[in-house]
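What you see is a predicted model; the values in this text were computed from it and never measured. Starting from 1, each residue takes its place in the sequence as its number.
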Amino acid sequence: MSPTAAPAIDGAVVETPPRPPTPVHNFGTLAVHAGSPHDAATGAVIESISLSTTFAQTAVGKPVGDYEYSRSANPNRTNFETAVAALEHARYALAFSSGSATTATILQSLAAGSHVISVSDVYGGTHRYFTQVAKAHGVKVTFTPEIEVDVSEHITDQTRLIWIETPSNPTLRLVDIRAVVSVAHKHGVLVVVDNTFLSPYVQNPLDLGADIVVHSVTKYINGHSDVVMGVAAFNSPELKDRLGFLQNAIGAVPSAFDSWLAHRGLKTLHLRAREASRNAAAVAAALEASPNVISVNYPGLDSHPHRHIALKQHRDGMGGGMLSFRIRGGHDAAERFCQQTRIFTLAESLGGVESLVELPSSMTHAGIPRDQREAVGVFDDLVRVSCGVEDAEDLKNDVLRAVEKAVELSKNGVKGQ
């Protein structure tokens with residue numbers, strides 16, 4: 001295989017394909033300007049929304065420009081994909097109608113009989129797809145809680161993909177991406193990293209050797225809780241052809257308006273991600289000091305068991321905007337906490353400008369059997385927190401007051417809220 005050959009899902013030795021040239025500009029400048037050409041006709045600095053489903057052709061098979069039909073390609077989607085590729089240091093990016101559609105398309109690219117290795121504590125929707133849908137088209141998935149330790153033991157002749165979340169959802173465990181890649185590529189196995197929890201601002205998995213990076217755009221990239229989308233970015237021309245074909249054939253693509261909104265949100269990603277990370281660090285430290293809290297999972301804390309990985313993989317060692325913690329008083333106290341907060345909203349999802357809390361065991365991860373959940377640390381008293389961009393002092397005061405009240409009510413056996 002030549003140095004420029006793309007990685008294949010066929011068991012061949014995997015070599016990293018050429019990366020795009022090193023960007024001339026830094027992240028913030030790229031976020032604002034990548035994929036954002038001024039309109040040639042009017043000079044508009046913000047792109048218009050191209051709602052047309054079809055595009056005129058000057059002759060049979062000869063469209064006026066680059067577009068024929070909006071399921072196959074749309075100007076707003078193209079611009080958004082260009083921007084994401086720039087921020088993830090990728091040659092290509094493909095947008096989908098949701099993060100789950102992105103996962104499904106990548107898994108659909110595998111032949112029947114293929115084997116996938118995944119970290120155990122993944123997003124509930126990813127776990128659901130792996131266990132209930134992938135097997136329907138003959139793809140087997142093995143879960144492991146210590147992927148750096150035992151990944152080589154799980155690789156077989158049929159293994160085609162390794163799936164990583166780092167940080168994981170919702171226990172915020174980190175995975176050393178380079179360590180896994182070094183083993184995977186020797187066996188011709190591709191590595192996919194779900195980078196949703198950190199965003200391209202905090203971590204760039206392709207720079208660490210990963211083959212595909214995926215995001216639920218719904219979260220940090222869009223950042224305003226008003227779009228459901230997904231995206232995958234990579235450097236391999238073969239993956240571009242394979243996944244691009246499926247993107248069009250399956251048709252799980254975002255609308256032009258959603259692409260426009262997500263692109264608008266992306267322009268402030270660096271500002272939002274920095275502030276969310278600062279806020280989460282403040283909240284995590286406050287919770288860790290509380291006698292009403294059993295433990296805190298946050299990669300920005302020195303107490304985190306994988307803090308050394310964060311310092312190596314994350315921009316400036318940032319912890320990101322997500323954390324989780326176990327509250328004293330069990331499930332009852334955890335549920336009461338979610339009802340007691342005044343600034344944090346009880347809701348699923350994450351990565352928006354507003355702060356959210358949720359109870360994974362009863363909400364996002366309720367579909368995972370209890371023994372499997374608890375094996376990876378998702379206990380009934382675990383609360384997941386998404387810090388937005390509000391004032392850090394207000395967020396700290398809100399969680400500490402809610403924790404104290406929830407534990408007190410639970411101790412006293414008070415019914416209701």
Any carboxylate oxygen within less than 4.0 angstrom of a Lys/Arg side-chain nitrogen, looking at Arg77 and Asp258?
no
How long is the span from the CG atom in Leu287 to the CD1 atom in Ile327, to the nearest 0.5 Å?
9.0 Å
Before you tell me yes or no, could you show the steps for Leu110 and Leu161 under side chain to side chain contact (heavy atoms under 4.5 Å, CB included), namely the whole-Å CA-CA distance, both residues' side-chain angles and the distance that decides it to 0.1 Å?
CA-CA 9 Å; Leu110 305 179; Leu161 208 65; 4.1 Å; yes
Can you tell if the side chain of Val183 reaches within under 4.5 Å of the side chain of Val180, non-hydrogen atoms only?
no
Looking only at atom types and distance, does a side-chain atom of Thr105 sit under 3.5 Å from a main-chain N or O of Ala101, one as donor and one as acceptor?
yes
Gln340 CD to Leu346 CG distance, which is reported to the nearest 0.5 Å
12.0 Å
Side chain to side chain, Met322 and Pro167, heavy atoms closer than 4.5 Å
no
Without swapping roles, check the side chain of Arg19 against the backbone of Leu206 for a donor-acceptor pair under 3.5 Å.
yes
If you measure only the distance, is there a donor-acceptor pair under 3.5 Å linking the side chains of Asn297 and Thr171?
no
Side chain to side chain donor-acceptor pair (under 3.5 Å) contacts in which one or both residues fall within residues 346-356, not counting sequence neighbours:
Ser225-Glu354, Ser355-Glu390
Please state whether the rings of Phe55 and Tyr67 are parallel, tilted or perpendicular, taking 30° and 60° as the class boundaries.
tilted
How would you list, by chain and number, every residue that makes a side chain to side chain contact (heavy atoms under 4.5 Å, CB included) with Ser362, sequence neighbours excluded?
His331, Leu359
Calculate, to the nearest 0.5 Å, the distance between atoms OG and CG belonging to Ser168 and Leu174 respectively.
7.5 Å
Looking at Arg342 and Asp398, is there a salt bridge between them, counting it only when a charged N and a carboxylate O are closer than 4.0 Å?
no
Consider only side-chain N and O atoms of Ser36 and Lys267, and report whether a donor and an acceptor are under 3.5 Å apart.
yes
Under 3.5 Å, is there a donor-acceptor pair between the side chain of His25 and the main chain of Thr29?
no
When you measure from the centre of the six-membered ring of Tyr201, is the NZ or CZ of Arg315 under 6.0 Å away and within 45° of the axis?
yes
Please find the pair of heavy atoms, one from His185 and one from Val189, that lie closest to each other, and give the distance.
CD2-O, 3.3 Å
Is there side-chain contact between Asp381 and Ile294, with at least one heavy-atom pair below 4.5 Å?
yes
Provide the closest heavy-atom pair for Val378 versus Pro170 in the form atom of the first, atom of the second, distance.
CG2-CD, 3.6 Å
List the atom pairs, with distances to 0.1 Å, where a side-chain N or O of residues 40-51 and a protein N or O form a donor-acceptor pair under 3.5 Å, not counting sequence neighbours.
from, atom 1, to, atom 2, distance (Å)
Thr42, OG1, Asp39, OD2, 3.0
Thr42, OG1, Ala44, N, 3.2
Glu47, OE1, Asn76, ND2, 3.1
Glu47, OE1, Asn79, ND2, 2.7
Glu47, OE2, His263, ND1, 3.0

Going through the checks in order, is the salt bridge (charged side-chain N to carboxylate O under 4.0 Å, His left out) test met by Glu68 and Lys62?
CA-CA 9 Å; Glu68 300 177 24; Lys62 294 183 178 179; over 6 Å; no
Rounded to the nearest 0.5 Å, what separates atom CG in Leu172 from atom CZ in Arg384?
9.5 Å
Does any N or O in the side chain of Thr126 come within less than 3.5 Å of the main-chain N or O of Thr103, such that one atom is a donor and the other an acceptor?
no
So, Arg160 side chain and Leu190 main chain: donor-acceptor pair closer than 3.5 Å or not?
no
Using distance alone, with no hydrogens and no angle criterion, decide if Gln313 and Asn204 have a side-chain donor and acceptor under 3.5 Å apart.
no
Salt bridge or not between Arg272 and Glu275? Use side-chain N to carboxylate O under 4.0 Å.
no
For Thr268 and Leu271, indicate whether the former's side chain and the latter's backbone hold a donor-acceptor pair under 3.5 Å.
no
Take Leu269 and Ser199, measure what side chain to side chain contact (heavy atoms under 4.5 Å, CB included) needs, and give me the verdict at the end.
CA-CA 8 Å; Leu269 172 59; Ser199 85; 3.9 Å; yes
Sorted by first residue and then second, give each ring pair (Phe, Tyr, Trp, His ring centres under 6.0 Å) pair with at least one member in residues 139-176; sequence neighbours left out.
His127-Phe143, Phe130-Trp163
Ring pair (Phe, Tyr, Trp, His ring centres under 6.0 Å) pairs, two or more places apart, involving residues 206-260
none
Can a donor-acceptor pair be found, under 3.5 Å and without considering hydrogens, that links the side chain of Arg173 to the backbone of Pro145?
yes
Measure the spacing between CD1 of Ile309 and CD1 of Ile177 and express it to the nearest 0.5 Å.
9.5 Å
Does any non-hydrogen side-chain atom of Gln57 lie less than 4.5 Å from one of Val64?
no
Side chains of Asn222 and Arg264: does their closest heavy-atom pair fall under 4.5 Å?
no
Any ring pair (Phe, Tyr, Trp, His ring centres under 6.0 Å) involving residues 82-120? Give me the pairs, sequence neighbours left out, ordered by first then second residue.
none
Is there side-chain contact between Asn248 and Leu246, with heavy atoms separated by less than 4.5 Å?
no
Heavy atoms from other residues, nucleotides or ligands near CZ of Arg128 exceed 12 (cutoff 6.0 Å)
no
Contact check, side chains of Val122 and Asp194, non-hydrogen atoms, under 4.5 Å:
no
If you take all heavy atoms of Ala282 and Ala392, which pair is closest and at what distance?
CB-CB, 4.3 Å
Whether the side chain of Asp150 engages the backbone of Glu153 through a donor-acceptor N/O pair (distance < 3.5 Å, no angle test) should be reported.
no
Under the side chain to side chain donor-acceptor pair (under 3.5 Å) rule, what do Glu288 and Ser303 come out as? Steps first, then yes or no, please.
CA-CA 9 Å; Glu288 190 174 50; Ser303 60; 2.4 Å; yes
Check: Ile343 main-chain N/O paired with Thr341 side-chain donor or acceptor under 3.5 Å:
no
When rounded to the nearest 0.5 angstrom, what is the spacing between CG in Leu261 and OG in Ser255?
8.0 Å
Between the side chain of Gln247 and the main-chain N/O of Ala95, is any donor-acceptor distance below 3.5 Å?
yes
Is any side-chain heavy atom of Ile147 closer than 4.5 Å to a side-chain heavy atom of Ile117?
yes
Ile164 and Val192: CA distance, side-chain angles, deciding distance, side chain to side chain contact (heavy atoms under 4.5 Å, CB included) verdict:
CA-CA 6 Å; Ile164 295 172; Val192 181; over 6 Å; no
Would you call Asp121 and Arg373 a salt bridge, using N to O less than 4.0 angstrom?
no
Provide the closest heavy-atom pair for Glu165 versus Val119 in the form atom of the first, atom of the second, distance.
N-CG2, 3.6 Å
Looking at Arg178 and Leu208, what are the two nearest heavy atoms and their distance?
CG-O, 3.2 Å
Nearest atoms (heavy-atom pairs only) where Leu107 meets Val116:
CD1-CG2, 3.9 Å
Aromatic ring proximity Phe344/Phe337, centre distance under 6.0 Å
no
Asn26-His270 side chain donor-acceptor pair, cut-off 3.5 Å
no
